[in-house]
Asks: 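Okay, handing you the structure first.
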Amino acid sequence: MTQTRIPIHIANKRAFVWDVEDLVKLRSQHHICGILVGTLPHLSQQNVFLGVPLVLMPEEAVLLVEKEIAVLVDDPNAYPEPTPTQLEKWMSEQEYIVQRHQALFEGNLKGNKETKASERAMSEEAVRKRKERELRRQQKALERQNSPLDLNSDERPSSTTVSASAAPAGAVASLPVSAENEENNSSFNVIVPAISSSMEWYSPKGRTFTSIESAKEAGVWDYPSDLHDRARCGVFRDLWEQGYFMGGGIRFGSDYLIYPGDPLRYHSHFAATVIDSPISEIRPMEIVAHGRLGTATKKTHLLCGWDDEKKQVSYFSIEWAGFG
Amino acid sequence: METHPSYPQLSLLVSKYPSTAGSLFQTYNDLLLGKFYNAVKSQQWRDLQIVDLGEPCNRASLQGRRPAHIAVEDVDALLHVVPCFMSETISLSWISDVFKALSNPESIYLAIATEDSSIVYYKLSSGIVKPVV
């Protein structure tokens, strides 16, 4: 039976979602938002627009697996060595992409109508000529530098008929390449696919876990590990089951922010703090701090108490009294 | 404390729960006399009474109605004010014991008394209660 559950890719015990379709499903069907953390390699300080991957809070990942919406994939161990055939196919696909980019680039440079130039550039004749030019250039470079074996100079049966999956949707890293020969200075983009399924040798099946316990046993995941973690999971789950969207609460001095609907549409009404047990000590100063901050920001602060024996959550709302 | 005019009303529960007597005394007088040095009768809490919470809370609480001149929704509602000290430690079970002892009201007011005689009041409601817009 094909896996219909959403794969959560675990790397270093963190939960990532790479597929935009899964992201959409998580948000719209399961009201789990996560945080986008992908930025541009050449502008990593830019954080106005962030892309994939999505990072999930450990509580979110645990909930999704327990509700059988997602599975955990031990990603670092899901990439066995590709077979020579697979590698060849992949390399020729990459070549095709590079050539296509260069063709479009040349077409634009000369100011011709893009389609005509690229068609011309992509004709069998042009491709063959370009390959010969490339080979010549590399041989010259080899003679000049006597450098170690360059993969590109291998002779391969050229095949320009490649499957359409050669250009997967994904992040594009721009790498301006300065050719050793001045003849061909056009740059091309190296596409790093966001979704590994475009690589034939990617094998997550053997490294997929359908339960938290099995992932813990395999050493891939370790949350929840103590009472505090269990309390967070319990409270998060209870709030999720009531239909709320949850976000990080650090901006308002709490554990979670609770939204009545999608955070893009609503302000949060509540800021929630997790209390590990009914007998955990609370200082009145905390009530003052939570109450004052909540009221000043038009939110109610919630104390969410987890009872590890009854596996239940109890709620108290704190507000400034308005007098005194 | 014994020489204070309010002592007669408080004496019974002050001697029964000596460790919380200070916060009870502070809060009672704050609500009764308010912040107004003129101590105009209309600016005080009305129908102020002291309630023994019994076991396991082991403290006294206050109940009354807000001053009539302050415009709030349902100004005549009977409110519960539970005094405690800033230096005490409480817990969620402490809070739910108090709610139980008062027969599960919708909300209580926690009066937190401090050493410099200031008191802050925070409303604790049972359950998830949306903020008043």
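If you're wondering where the values come from, they're calculated on a predicted model, not measured in any experiment. Protein chains get the first letters and strands the later ones, always in sequence-line order, with residue 1 at the start of each.
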Asks: Can you measure from NE2 (A:H301) to CG (B:L124) and round to the nearest 0.5 angstrom?
Replies: 11.5 Å
Asks: So, B:Y109 versus A:W320, ring centres under 6.0 angstrom or not?
Replies: no
Asks: Given that the side chain runs from C-beta out, which part of A:I318 has a heavy atom under 4.5 Å from chain B: side chain, backbone, both or neither?
Replies: both
Asks: Before giving the answer on side-chain contact (heavy atoms from CB on, under 4.5 Å), spell out for A:R283 and B:T89 the whole-Å C-alpha distance, their side-chain angles and the decisive distance to 0.1 Å.
Replies: CA-CA 5 Å; A:R283 288 161 45 238; B:T89 28; 4.0 Å; yes
Asks: Once rounded to the nearest 0.5 Å, what's the spacing between atom CG of A:D276 and atom OG of B:S91?
Replies: 12.5 Å
Asks: Report which part of B:I112 has an atom under 4.5 Å of a heavy atom belonging to chain A: side chain, backbone, both, or neither.
Replies: side chain
Asks: In Å, rounded to the nearest 0.5 Å, how long is the span from CG of B:L79 to CZ of A:F323?
Replies: 6.5 Å
Asks: Which answer fits B:F99, side chain, backbone, both or neither, if we ask what part of it has an atom under 4.5 Å from a heavy atom of chain A?
Replies: side chain
Asks: What part of A:I279 is in contact with chain B, defined as an atom under 4.5 angstrom from a non-hydrogen atom: side chain, backbone, both or neither?
Replies: both
Asks: B:S96 versus chain A, heavy atoms under 4.5 Å apart: side chain, backbone, both or neither?
Replies: both
Asks: Given A:R292 and B:Y122, is the side-chain contact (heavy atoms from CB on, under 4.5 Å) satisfied, shown in steps?
Replies: CA-CA 9 Å; A:R292 207 47 158 159; B:Y122 282 89; 3.6 Å; yes
Asks: Using side-chain heavy atoms (C-beta onward) and a distance below 4.5 Å, is A:E281 in contact with B:I90?
Replies: no
Asks: Counting distance only, does the side-chain N/O of A:S317 pair as donor-acceptor with the main-chain N or O of B:V129 below 3.5 Å?
Replies: yes
Asks: When rounded to the nearest 0.5 angstrom, what distance separates CD1 in B:I95 from CD1 in A:I282?
Replies: 5.0 Å
Asks: Between B:V120 and A:I287, does the side-chain contact (heavy atoms from CB on, under 4.5 Å) criterion hold? Intermediate values first, please.
Replies: CA-CA 10 Å; B:V120 284; A:I287 310 263; over 6 Å; no
Asks: Report which part of A:F270 has an atom under 4.5 Å of a heavy atom belonging to chain B: side chain, backbone, both, or neither.
Replies: side chain
